[in-house]
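In what follows, a single structure is set out as structure tokens and then discussed.
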Amino acid sequence: MTIRAVVKGVGHYLPERIVENSEFEASLDTSDEWIQARSGIKRRHFAAEGERTSDMATNAAQAALADAGLEPDDLDAVIVATSTADFTFPSAATSVQSGLNMTSGFAYDVQAVCAGFVFALSTANAQILSGQAKRVMVIGAESFSRLMDWEDRATCVLFGDGAGAVILQAEQGEGSSDDRGILSVDLNSDGRHRGILYVDGGVSTGQTGYLRMQGKEVFRHAVEKLAQTAEVAMQKAGVSAEDIDWVVPHQANIRIINSTVKKMGVAPEKVVKTVQDHGNTSAASIPLALSVAKANGQIKDNDLIVTEAIGGGLAWGAIVLRW
Ligand code: UT7
């Protein structure tokens with residue numbers, strides 16, 4: 001017998017405002033055709049003025065609680081994966097905790113940019129396996145529209161805002177890959193590459209700054225590293241590509257998603273794709289995709305899922321779980 005961190009609920013929130021590719025044509029030398037062909041993105045959501053990352057995270061958390069049939073005080077912890085917390089501190093997670101009127105447990109943020117949700121899920125899993133917590137809310141929430149340089153057509157058309165949340169709960173498993181819950185984790189980072197995707201602001205500059213990216217370089221690393229980390233996670237879990245029901249990748253670029261899945265040897269129809277509707281929502285993209293895929297009937301109980309992501313740092317990783 002072994003403890004497993006099993007998904008008990010999932011939910012998401014997208015801000016009301018939808019921005020179609022064509023909206024950028026008025027202010028930038030770009031086109032709907034270019035954006036779709038190079039990234040697969042058709043539209044994205046942008047947070048309203050005054051709408052904060054923690055507001056979106058709280059909405060997603062409430063949806064996940066409703067899905068699980070749980071109350072806020074049933075949770076032992078709230079972890080928010082974000083690079084766009086409302087303030088330098090306190091954490092977005094403590095804002096979510098107070099937004100939920102949750103008076104017990106502990107709350108903190110994890111920052112691994114687009115890989116943030118994978119890192120946060122891994123942290124929650126470790127706390128559940130160690131007995132430190134029994135039920136953990138893991139949220140990915142971002143307001144990347146606040147980091148855009150609206151004159152940089154190579155970045156500002158790619159990102160969007162939103163939040164997704166998953167509740168993990170300790171349950172007994174047999175210790176085999178038939179168990180429900182998280183079966184394996186593979187995390188990596190390589191700080192030598194931190195200059196190819198970063199924000200040129202922060203505490204050291206006194207300004208929030210703008211996202212800067214060498215897109216081609218990030219693309220090259222993504223294609224190589226994502227398939228590799230997914231492979232390692234599948235090996236650790238003792239499963240192979242044929243066993244996989246769904247790949248739920250970080251939604252950055254349809255070309256990265258397609259070539260990663262091809263390298264993994266998983267059939268293209270087994271991939272959850274939301275990049276066309278959400279753009280790149282960084283740490284929010286995977287929980288958003290999980291929630292949408294469950295809501296539309298793609299993901300079902302006992303499905304075997306691989307989720308993988310890469311982002312600034314570089315930081316990347318993959319998790320195998322049975323839903
Ligand atoms: O989530 C974190 C991880 N991030 C990613 O995974 C993003 C990884 N990178 C990418 O997704 C792709 O590299 C991009 C979508 C950012 C760009 O696609 P690309 O095929 O690598 O294009 P490129 O950067 O090589 O640009 C090709 C051309 C350039 O013009 P020249 O130099 O060939 O004349 C760009 O200036 O496209 C131009 N370009 C644009 N044209 C119209 C760049 N952005 C735009 C634009 N509209 N928005």
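Everything numeric here is computed off the predicted structure, so don't read it as measured data. Positions are given from 1, in the same order as the sequence printed here. We count ligands from 1, going down the list as the structure has it; atoms in each ligand are counted the same way.
Here the straight-line distance linking atom CG of N280 with atom CG of L158 works out to 7.0 Å at 0.5 Å rounding. Note that CZ of F219 and CD1 of I196 are 13.0 Å apart. Values are rounded to the nearest 0.5 Å.
A cation-pi contact, defined as under 6.0 Å to the ring centre and within 45° of the axis, links K225 to W316.
At a heavy-atom cutoff of 4.0 Å, ligand 1 is surrounded by D29, T30, W34, R38, C114, R153, A154, V157, L158, L197, M213, G215, K216, V218, F219, H250, A252, N253, R255, I256, N280, I310.
Under the ring-ring contact (aromatic ring centres under 6.0 Å, His included) rule, W150 has a single partner from F46, F159, Y210, which is F46.
Each salt bridge (charged side-chain N to carboxylate O under 4.0 Å, His left out) pair with one or both residues in residues 252-262, not counting sequence neighbours, would appear here, but there are none.
For R17 and D161, the salt-bridge test fails: no basic side-chain N is under 4.0 Å from an acidic carboxylate O.
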